[in-house]
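Basis for what follows: all heavy atoms, side chains included, without hydrogens, waters or symmetry-related copies. Letters go in sequence order (proteins before strands), and every chain restarts at 1.
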Amino acid sequence: MTESKLPPVYDPGAVEDRLYGEWLERGFFRAPGDPAKETFTIVIPPPNVTGSLHMGHALDCTIQDILIRRRRMMGLDTLWLPGTDHAGIATQIKVEEHLAEEGVTRQELGREAFLERVWEWKEEYHGRIVRQLQKLGLSCDWSRERFTMDEGCSRAVREVFVALYERGLIYRGDYITNWCPRCHTALSDIEVEHEEEAGTLYFIAYPVIDGEGAVTVATTRPETMLGDTAVAVHPQDVRYRALVGREVLLPLVGRRLPVVADEYVEPDFGSGAVKITPAHDYNDFLLAGRHGLPSVTVIGSNGRMTPAAGRYAGLEAGEARRRIVEDLRAAGLLLAEQEQSHALGRCQRCRTVIEPLLSKQWFVRMKPLAEPAIARVKSGEIRFVPERFTRVYLNWVENIRDWCISRQIWWGHRIPAWYCACGETVVARLEPESCPSCGGVPVQDPDVLDTWFSSALWPFSTLGWPERTDDLAHYYPTSVLVTGYDIIFFWVARMIFMGLEFMEEVPFRTVYIHGLVRDAQGRKMSKSLGNGIDPLEIIERYGADTLRFTLVTGQAPGNDLRFRQENVENSRNFANKIWNASRFVLMNTALTDVGPPDNKRPLSAADRWILHRYNETVRRVDRLMDDFELGEAARLLYDFLWSDYCDWYVEMAKITLYAPEKEAEKQAARAVLTFVLDGIMRLLHPFMPFITEEIRQKLSARDPAATIVLAPWPMATEAHDFPAEHERMNLVMEVIRAIRALRAEAQLPPGAKLSVILQAPEETGAVLAEGLPLLKRLANVSEAQLVLQLADKPRCCLSAAVGEVELYLLLEGTIDVAQERQRLEKEEQRLEAELARCRGKLQNEVFLAKAPARVVEEEQAKEAEYSLQREKVRARLAAL
RNA sequence: GGGGCUAUAGCUCAGGGGGAGAGCGCUUGACUCACAUUCAAGAGGCCGCUGGUUCGAUCCCAGCUAGCCCCACCA
């Protein structure tokens with residue numbers, strides 16, 4: 001019993017790193033790649049190499065690890081493929097900020113030197129992130145780790161780009177795009193975040209040429225008027241019908257603008273007339289296309305006014321606005337100003353206000369790609385959990401617009417397009433040596449691709465595509481994708497259509513969507529608020545198991561969760577409970593006791609009860625985990641271990657274990673103690689990998705090769721179903737609870753031993769007789785007398801009833817009769833109310849006619865029970 | 001303008017067509033030989049409002065109210 005040296009408080013620090021090292025060394029996480037075996041595959045949502053892991057990663061990865069570890073224990077060929085994302089804009093910003101501290105800009109460094117610095121950064125942060133993931137205990141196959149810009153992924157990106165180009169699904173053209181003047185790049189639609197902000201709507205008079213008066217246009221962006229090339233009105237708007245086809249004069253500039261009619265104009269907004277600026281507004285751009293209008297770019301990519309802005313050239317756009325408003329006012333052309341809130345687009349990465357800008361960009365044509373991506377989800381080939389996210393996904397894909405994929409930054413996959421002075425564009429997998437049409441030397445497009453372009457290929461590029469590797473054949477499609485709802489559009493949707501286009505198969509069968517981790521007040525964790533909690537800090541203080549358990553309990557699929565200190569402590573306490581339950585078992589069993597309980601050793605009622613409860617738990621946990629109800633499963637295990645196993649079974653087992661002799665019974669109890677503990681450790685292992693491994697290794701110290709990582713996932717055995725014994729034990733437990741309650745009621749001194757009389761009919765009495773030792777110990781009763789019938793109710797004692805059992809506490813001192821009377825009366829009232837409810841139902845003929853027979857019978861049984869209980873309470877009242 | 005989520009104990013949240021649950025907090029008692037990061041007992045809820053479906057609704061449906069989120073090109 002050397003194990004008794006285990007310290008009474010679990011210390012994760014002494015365990016976790018050592019075990020993780022062992023697991024890695026022994027290669028437990030390496031996917032076997034056995035073609036004969038069923039697979040279970042997850043590719044990790046690759047964390048950005050921009051910084052460190054946050055709580056969201058911890059949740060996301062914990063969920064994946066739970067799914068993976070369980071399947072591994074089930075014997076599947078399990079692969080969890082880890083990796084990181086180069087995160088183009090985000091990383092570039094970080095490195096630029098870093099350089100700024102040295103007083104250097106990337107332009108000063110030049111492209112090559114800058115990229116060297118980014119790679120250095122990447123190396124450093126990659127290492128940091130991997131260490132953090134390992135701290136969490138994640139069972140990734142590190143031998144297959146990938147990076148979105150490694151050799152293979154880069155090849156996949158080029159292959160996909162060229163193939164899509166050849167299929168006419170990628171094109172280059174001049175369109176309005178979202179331009180971030182700070183990041184100096186175009187962005188896709190979803191990288192722009194819209195916020196309602198207060199603004200001013202300016203009413204400006206555009207004089208009518210060759211006519212009287214002026215047309216009033218309303219705009220929130222007067223600075224763009226310099227680029228106006230028309231004024232539009234609604235075709236049905238009688239106010240302006242006469243003006244259509246005529247011209248107005250653009251103030252401050254003096255350009256002649258045609259008045260056009262277009263359905264796009266809302267007659268009820270503003271003045272009903274819209275200035276049209278094709279170079280700086282998406283809708284105006286579309287309208288200009290319909291009417292063959294020219295465009296004038298007045299705001300440049302640096303956010304300053306272009307030479308086309310005349311005397312405003314060179315001004316920052318905001319400043320230009322102020323000047324223009326002033327000048328209009330001076331000219332008497334500013335007719336009115338009105339408060340108007342409007343949606344302002346901001347850069348997702350740097351919060352700078354987005355400028356819609358006409359520029360030449362690369363796009364992915366989405367409609368043809370979206371179609372199958374819609375169909376395969378609708379057909380159920382891909383299932384979202386929870387199901388409601390299917391709608392979110394479909395809603396987006398069904399309204400998708402072409403995807404702008406070129407970025408004017410340096411860090412990322414260079415676009416595989418080369419331009420020749422002769423005008424030829426070459427899109428190729430490898431750098432062309434010369435221009436195919438003129439023989440000249442083409443120059444590569446300086447731009448890089450949207451980060452999400454490479455992320456979209458992740459489920460197959462990481463498995464070796466475009467090579468037809470064994471891994472690809474074996475592990476694709478993956479089983480589950482686990483991610484937060486915030487990147488369904490960015491990533492999930494794009495993986496689906498890329499997977500369908502290039503693998504002709506869905507990338508995953510199930511998408512499990514979880515919520516966001518918020519702070520204790522429910523706010524999003526963010527750097528600016530400074531309310532982020534570092535997962536590493538929690539791990540340092542409480543251990544990875546505790547953090548994992550905290551994250552996975554107390555939250556339902558798809559719902560956000562609040563991260564609260566109290567919950568962490570509760571999980572820590574649970575880990576400690578596990579530890580001490582194990583200490584107890586190790587102190588009281590020998591290694592020879594390990595092994596399933598069998599007929600050779602006589603199982604006690606308590607043994608059978610816990611085995612039955614264990615079986616129930618195994619079945620329910622299994623079903624919950626199949627349904628991705630991980631929080632529920634964890635809660636169930638928590639309750640079983642803490643309440644059933646520790647509070648009840650261990651206490652019951654002590655009676656046998658500490659009794660003199662009874663060797664056979666002791667053997668049985670020890671076998672059950674270890675069997676159930678071992679099973680519960682295995683069920684808990686996906687949630688809390690470290691402590692469960694530590695304990696299992698101690699439980700099976702004879703076998704140095706033992707590891708819980710590859711231990712079989714528990715299954716319920718019918719041989720351990722004992723429904724009748726389970727019922728009987730429940731009765732004994734109820735009686736114990738009742739006695740404890742009476743003790744507390746009477747505020748008996750702690751050590752006071754009790755005498756009780758238990759009255760019960762023969763059969764029930766037999767159950768109690770069997771349970772008497774338990775009852776004496778667990779209810780702290782010294783004398784228990786079992787009777788069939790009491791001639792007279794004992795006087796002046798506390799009493800209670802449990803089913804057919806009536807019990808009386810024989811107290812040596814006096815009891816507070818008034819207080820006891822009050823308690824019994826309250827009980828009588830409660831029964832009265834229940835009875836009334838039952839009878840109400842049973843007297844309702846419609847209920848009797850329509851409710852299922854089972855329900856009616858239940859109700860009748862209840863009525864009888866309540867009625868009986870009430871009589872007993874009355875009798876005890878009378879006896880007081 | 002569309003779409004979604006949430007409303008349950010003081011707090012944070014599970015649950016689910018037939019007698020309301022957990023953790024924390026609170027009250028009372030106990031340092032009982034695995035654990036005071038513990039044990040035992042308890043108080044505390046018209047399950048947001050109004051209708052409908054049903055024999056029966058906290059649960060299903062509709063509407064409302066309140067809060068949160070996502071999407072969208074009314075300048």
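Residue A:Tyr485 places no side-chain N or O under 4.0 Å from the OP1 or OP2 atom of B:C68. For B:C73, one of the phosphate oxygens OP1 or OP2 lies less than 4.0 angstrom from a side-chain nitrogen or oxygen of A:Arg401. Residue A:Asn567 places none of its side-chain N or O atoms closer than 4.0 Å to OP1 or OP2 of B:C11. At B:A34, one or more side-chain N or O atoms of A:Lys654 fall inside 4.0 Å of OP1 or OP2 (strictly under the cut-off). Residue A:Asn395 places none of its side-chain N or O atoms closer than 4.0 Å to OP1 or OP2 of B:C70.
In this structure, CZ of A:Arg541 is placed 14 Å from P of B:U37, rounded to the nearest angstrom. Spacing between atom CD of A:Glu191 and atom P of B:C70 amounts to 16 Å, rounded to whole angstrom units. Taking atom CD1 of A:Ile400 as the reference point, atom P of B:G2 lies 23 Å away to the nearest angstrom. In this structure, A:Ile488 places its CD1 atom 18 Å from P of B:G3, rounding to the nearest Å. Note: CZ (A:Phe490) to C1' (B:C70) measures 12 Å, nearest angstrom.
With B:C73, B:A75, B:C55 as the candidates, the nucleotide lying closest to the side chain of A:Tyr282 is B:C73. Checked against B:C13, B:A34, B:C55, the side chain of A:Arg562 finds its nearest nucleotide in B:C13. Minimum atom distance to the side chain of A:Phe489 is reached by B:C70, of the listed B:A14, B:C70, B:C13. Distances were taken from every side-chain heavy atom of A:Glu632 (C-beta onward) to each of B:A14, B:C24, B:C35; the shortest belongs to B:A14. With B:C73, B:C35, B:C11 as the candidates, the nucleotide lying closest to the side chain of A:Arg583 is B:C35. When the nucleotides B:A75, B:A34, B:A72 are ranked by their closest atom to the side chain of A:His194, B:A72 comes out on top. When the nucleotides B:A75, B:C55, B:A34 are ranked by their closest atom to the side chain of A:Phe269, B:A75 comes out on top.
As judged by a 4.0 angstrom heavy-atom cut-off over every strand, A:Val650 is placed among the base-contacting residues. At a threshold of 4.0 angstrom between heavy atoms, the contacts of A:Val855 include nucleobase atoms, whether or not backbone atoms are also involved. Contacts of A:Arg572 with the nucleic acid, taken as non-hydrogen atoms under 4.0 Å apart, include base atoms. Among the heavy atoms of the strands, none lies under 4.0 Å from A:Phe574. Using a 4.0 Å heavy-atom criterion, one finds that A:Val217 contacts no nucleic acid atom at all. Residue contacts shown for A:Glu865 are absent, as no nucleic acid heavy atom lies under 4.0 Å away. Among the protein residues, A:Lys275 comes within range of no part of the nucleic acid, since none of its heavy atoms lies under 4.0 Å from any strand. Across all strands, A:Asn559 comes closer than 4.0 Å only to sugar-phosphate atoms, never to a base (heavy-atom distances).
Remark: A:Arg518 CZ is packed, more than 12 non-hydrogen atoms of other residues, nucleotides or ligands lying under 6.0 Å away. Within a 6.0 Å sphere centred on CD of A:Gln565, other residues, nucleotides and ligands contribute more than 12 heavy atoms.
Taking atom P on both nucleotides, B:A75 is separated from B:G48 by 38 Å, rounded to a whole Å. Nucleotides B:G25 and B:U6 are separated by 24 Å at their C1' atoms, to the nearest Å. Across the P atoms, B:C61 and B:G18 are found 15 Å apart, a figure rounded to whole Å. Rounded to whole Å, the C1' atom of B:U65 lies 14 Å from the corresponding atom of B:G51. Taking atom P on both B:A57 and B:U50, the two are 14 Å apart, rounded to the nearest angstrom. The P atoms of B:C60 and B:C47 are separated by 15 Å, rounded to the nearest whole Å. Taking the C1' atoms as reference points, B:G45 lies 15 Å from B:A14, given to the whole Å. Rounded to the nearest Å, the gap between the P atom of B:A72 and that of B:G3 is 15 Å.
A salt bridge is defined here as a Lys NZ or Arg NE, NH1 or NH2 lying under 4.0 Å from an Asp or Glu carboxylate O, and A:Glu859 with A:Lys862 meets this definition. The residues A:Glu398 and A:Lys378 are annotated as salt-bridged, a charged nitrogen and a carboxylate oxygen being separated by less than 4.0 angstrom. At a threshold of 4.0 Å, the pair A:Glu195-A:Arg346 counts as salt-bridged, since one of the basic side-chain nitrogens sits closer than that to a carboxylate oxygen. Using a 4.0 Å cut-off between charged nitrogen and carboxylate oxygen, A:Arg854 and A:Glu858 count as a salt-bridge pair.
Side-chain atoms of A:Asn570 and A:Tyr638 form a donor-acceptor pair, as typed in the model, at a separation below 3.5 Å.
Closest of all the heavy-atom pairs between A:Val856 and A:Leu842 is O-CD2, 4.2 Å. Between A:Ala634 and A:Thr553, the shortest heavy-atom contact is CB-CG2, 3.5 Å.
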Kindly indicate, with the supporting measurements, whether the criterion side-chain contact (heavy atoms from CB on, under 4.5 Å) is fulfilled by A:Val621 and A:Leu636. CA-CA 7 Å; A:Val621 165; A:Leu636 216 59; 4.0 Å; yes

For each nucleotide in nucleotides 39-47 of chain B, reading 5' to 3', give B when a protein heavy atom comes within less than 4.0 Å of its base, S when such contact involves only the sugar-phosphate, and - otherwise. SSSS-----

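Map A:Asp268 and A:Trp396 each onto its nearest nucleotide of RNA chain B; the residue landing nearer the 5' end is A:Trp396. Both A:Glu859 and A:Phe389 sit near RNA chain B, but only A:Phe389 has its closest nucleotide nearer the 5' end.
By the ring pair (Phe, Tyr, Trp, His ring centres under 6.0 Å) test, A:Phe384 pairs with A:Tyr393, sequence neighbours left out.
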What does the 5'-to-3' dot-bracket notation of RNA chain B look like when only Watson-Crick and G-U wobble pairs under 3.5 Å count, and pairs to other strands show as |? (((((((..((((....[..)))).(((((.......))))).....(((((..]....))))))))))))....

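The aromatic rings of A:Tyr645 and A:Phe640 sit tilted relative to each other, their planes meeting at an angle between 30° and 60°.
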